[in-house]
*Asks:* 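Here it is, the structure, as structure tokens.
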Amino acid sequence: KVNGPRLRPRWGPSVPESNKCLCSLRHGLALILQLCNFSIYTQQMNLSIAITAMVNTTEAPSQPNASTERSPTDSQDYWNETLRESKAPVYNWTPEIQGILLSSLNYGSFLAPIPTGYVAGVFGAKYVVGAGLLVSSVLTLFIPLAADAGVALLIVLRVIQGIAQVMVLTGQYSIWVKWAPPLERSQLTTIAGSGSMLGTFLVLIAGGLLCQNLGWPYIFYLCGGIGCVCCLIWFPLVYDDPQNHPFISTGEKRYIVCSLAHEDCAPGWSLPIGAMIKSLPLWALVVSYFCEYWLFSTIMAYTPTYISSVLQANLRDSGILSALPFVVGCICIILGGLLADFLLSRKILRLVTIRKLFTAVGVLVSSGILVPLPWVRSSRGTTMAFLVLSSTFSSLCESGALINFMDIAPRYSGFLKGLLQVFSHIAAGVAPTVAGFFISQDSEMGWRNVFLLAAGIDIGGLVFYLIFGRAEVQDWAKEQMLTHL
């Protein structure tokens, strides 16, 4: 007889307290994934901060009440002085071209998530994630050369880089199918996911300083180099299954295996495509992903531009101010995951209530704060407070709808994450382009339209999710399902 932990059918195993500490190998894996996500998001965001130094000038409309700290003339003089000192090349890119460049990372990536998630789910995520991280990091190093060669080559490179990044962001969820106990699923995935906000924060801080003192190419050299170092950590230390890991303790291995014993997590070649198409809970996640990532992608791409052009901040201040919402979001993502698992483990709220509550609060507050943003542009402090609060509450969605796919179909987590990534990348590809179009037509009204549209789409997706979202394992995700492809 094995003296292991006992399973409780709904709420998971009762385990010794030592198995729940943050020093476990599964939490170490979460930290490694956090580092990988950190690297990928520095590579995603570096162009958003560097593009303010790469273009010949940032056309700022005349805003009589925009700022009392620095006049447009002083800001432009500082800008020109910075460009001369950096000795980096600059380009005559229109707002439309800038929008296309910022969006191009997502143009080809909508083709990759589904096959990536499927392959990672069947064969394991170690080499899928590692290969994507390596390719994206190497291509980041070549962005300065591609920019000199022309816009067309830079767009092609960014498209390929986006596909490689999808391999990392999608494939990693297949690891948690075998590594994350149900009562720790929110905290482990949010610890790993917080690397996205941390990466965004640091690249905005360091990016502004690098562009000012060394020149914009160095932001790409730094981000690409960090990614290559992450690959050296990833390949020797990460394993797809805890039972094969050479450094895991016997107690932790038994705890993970026993806690997942009541879940049907074994991936297979066949997929219940017909039942998936008819599943309203799955469609609720698809709509929610598209709508939430529309707003998220707009903020990610245009926060530096908004701060530098509307608030008339110089290059250094623009990077620092743009980073503030993301460092707060990084902390709140982790706290949200811990709170969600606490509410679930103590049986305070049902799982479906937790997912919908966190999503509703995250969407309503973050969207509601962004709508009045153009009307408070005369106050830099108020604008930054609004951006920080929006990021704080939107991070709660990471413990809500954005992780809900692991609840309704754990055995197809890799494939479903890939499917959902398709729609998130479609949103991320369209949203910045639409924003660039609005801003180029009328800068003052354009920003208002950008925020109103993003908030309206996000709230519409929330309504659909609240009506049709579920958290129990669906019938088509169980082993006896026969409608397969």
*Asks:* What is the ring orientation for Y412 with W476, classed by angle as parallel under 30°, tilted 30 to 60°, or perpendicular over 60°?
*Replies:* parallel
*Asks:* For P374, does its backbone N or O pair with a side-chain atom of R448 as donor and acceptor, under 3.5 Å?
*Replies:* no
*Asks:* Could you walk me through whether F451 and I299 pass the side-chain contact (heavy atoms from CB on, under 4.5 Å) test, one step at a time?
*Replies:* CA-CA 9 Å; F451 293 130; I299 297 303; 4.1 Å; yes
*Asks:* Is there side-chain contact between L420 and F290, with heavy atoms separated by less than 4.5 Å?
*Replies:* no
*Asks:* Could you check whether any side-chain N or O of S394 sits under 3.5 Å from a backbone N or O of S391, counting only pairs where one atom can act as donor and the other as acceptor?
*Replies:* yes
*Asks:* Over all heavy atoms of both residues, which pair between A146 and L157 is shortest? Give the atoms and the distance, please.
*Replies:* CB-CD1, 3.9 Å
*Asks:* Do P372 and F386 have side-chain heavy atoms sitting under 4.5 Å apart?
*Replies:*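 In short, these two side chains touch, coming nearer than 4.5 Å.
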*Asks:* Pairing donors with acceptors under 3.5 angstrom, does anything connect the side chains of R185 and S399?
*Replies:*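 Side chains of R185 and S399: no pair found under 3.5 Å.
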*Asks:* For the side chain of S440 and the backbone of F437, is there at least one donor-acceptor N/O pair under 3.5 Å apart?
*Replies:* yes
*Asks:* What are the two closest non-hydrogen atoms of S297 and A428, and how far apart are they?
*Replies:* OG-CB, 3.1 Å
*Asks:* Is the shortest heavy-atom distance from the side chain of W447 to the side chain of Y306 under 4.5 Å?
*Replies:* yes
*Asks:* Show the numbers, then the answer: is there a side-chain contact (heavy atoms from CB on, under 4.5 Å) between L452 and V371?
*Replies:* CA-CA 6 Å; L452 283 171; V371 170; 3.5 Å; yes
*Asks:* May I ask you to test the I439-Y302 pair for a side-chain heavy-atom distance under 4.5 Å?
*Replies:* yes
*Asks:* Testing the 3.5 Å rule here: is there a donor-acceptor pair between the side chains of S196 and N37?
*Replies:* no
*Asks:* With distance as the sole test, does K417 use its side chain to make a donor-acceptor pair with the main-chain N or O of G117 at under 3.5 Å?
*Replies:*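 Looks like no, no N/O pair under 3.5 Å.
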*Asks:* Determine the minimum heavy-atom distance between F415 and I114, stating which atoms define it.
*Replies:*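 Heavy atoms only, the tightest pair is CE1-CG2, 3.5 Å.
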*Asks:* Tell me if a side-chain donor or acceptor on S424 pairs with a main-chain N or O of Q421 at a distance below 3.5 Å.
*Replies:*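 Yes, because the side chain of S424 sits within donor-acceptor range (under 3.5 Å) of the backbone of Q421.
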*Asks:* Would you name the heavy atoms of S413 and P410 that are closest together and state the gap between them?
*Replies:*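 S413 and P410 have their closest heavy atoms at OG-O, 2.9 Å.
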*Asks:* Would you call T42 and F38 a side-chain contact if the rule is heavy atoms closer than 4.5 Å?
*Replies:*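 Result yes, sub-4.5 Å side-chain heavy-atom pair found.
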*Asks:* Is the CZ atom of F296 crowded by more than 12 outside heavy atoms at less than 6.0 Å?
*Replies:* yes
*Asks:* Between the side chain of T190 and the main-chain N/O of Q187, is any donor-acceptor distance below 3.5 Å?
*Replies:* yes
*Asks:* Are any of the side-chain nitrogens in R470 or D407 under 4.0 Å away from the carboxylate oxygens of its partner?
*Replies:*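 No, this pair does not count.
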*Asks:* Once you measure the plane-to-plane angle for F468 and F464, does it fall in the parallel (<30°), tilted (30-60°) or perpendicular (>60°) bin?
*Replies:*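 If you compare the ring of F468 with that of F464, the planes turn out tilted.
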*Asks:* Specify the closest pair of heavy atoms between C332 and S395, including all atoms of both residues, with the distance to one decimal.
*Replies:*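 Nearest pair, atom of C332 first, then S395: CB-OG, 3.1 Å.
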*Asks:* Where the side chain of N213 meets the backbone of L209, is there a donor-acceptor pair that is under 3.5 Å apart?
*Replies:* yes
*Asks:* I need the minimum non-hydrogen distance between L101 and R158, along with the two atoms involved.
*Replies:* O-NH2, 3.1 Å
*Asks:* Verify the distance criterion only: is there a donor paired with an acceptor across the side chains of Y91 and D148 at less than 3.5 Å?
*Replies:* yes
*Asks:* Between T170 (side chain) and M167 (backbone), is there a donor-acceptor pair under 3.5 Å?
*Replies:* no
*Asks:* So, do I51 and W93 sit near enough that their side-chain heavy atoms are less than 4.5 Å apart?
*Replies:* yes
*Asks:* Going by atom type alone, with no hydrogens or angles, which donor-acceptor pairs under 3.5 Å involve a side-chain atom of residues 124-144 and a protein atom two or more places apart or on another chain?
*Replies:*
{"unit_1": "K126", "atom_1": "NZ", "unit_2": "F235", "atom_2": "O", "d": "2.8"}
{"unit_1": "K126", "atom_1": "NZ", "unit_2": "V238", "atom_2": "O", "d": "3.2"}
{"unit_1": "S136", "atom_1": "OG", "unit_2": "Q43", "atom_2": "OE1", "d": "2.5"}
{"unit_1": "S136", "atom_1": "OG", "unit_2": "Q165", "atom_2": "NE2", "d": "3.1"}
{"unit_1": "S137", "atom_1": "OG", "unit_2": "Q43", "atom_2": "NE2", "d": "3.1"}
{"unit_1": "S137", "atom_1": "OG", "unit_2": "L133", "atom_2": "O", "d": "2.7"}
{"unit_1": "T140", "atom_1": "OG1", "unit_2": "S136", "atom_2": "O", "d": "2.8"}
{"unit_1": "T140", "atom_1": "OG1", "unit_2": "Q161", "atom_2": "NE2", "d": "2.5"}

*Asks:* May I have the step-by-step check of side-chain hydrogen bond (donor to acceptor under 3.5 Å, both in side chains) for S322 and T303, ending in yes or no?
*Replies:* CA-CA 6 Å; S322 300; T303 292; over 6 Å; no
*Asks:* Where the side chain of S103 meets the backbone of I100, is there a donor-acceptor pair that is under 3.5 Å apart?
*Replies:*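 A pair under 3.5 Å: no.
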*Asks:* Got T359 and E292 here, is their nearest side-chain heavy-atom distance under 4.5 Å?
*Replies:*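 A side-chain contact exists here, since the closest heavy-atom pair is under 4.5 Å.
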*Asks:* For M445, is there any backbone N or O sitting under 3.5 Å from a side-chain donor or acceptor partner on N449?
*Replies:* yes
*Asks:* Measure the shortest side-chain to side-chain distance between S186 and R355 over non-hydrogen atoms and say whether it is less than 4.5 angstrom.
*Replies:* yes
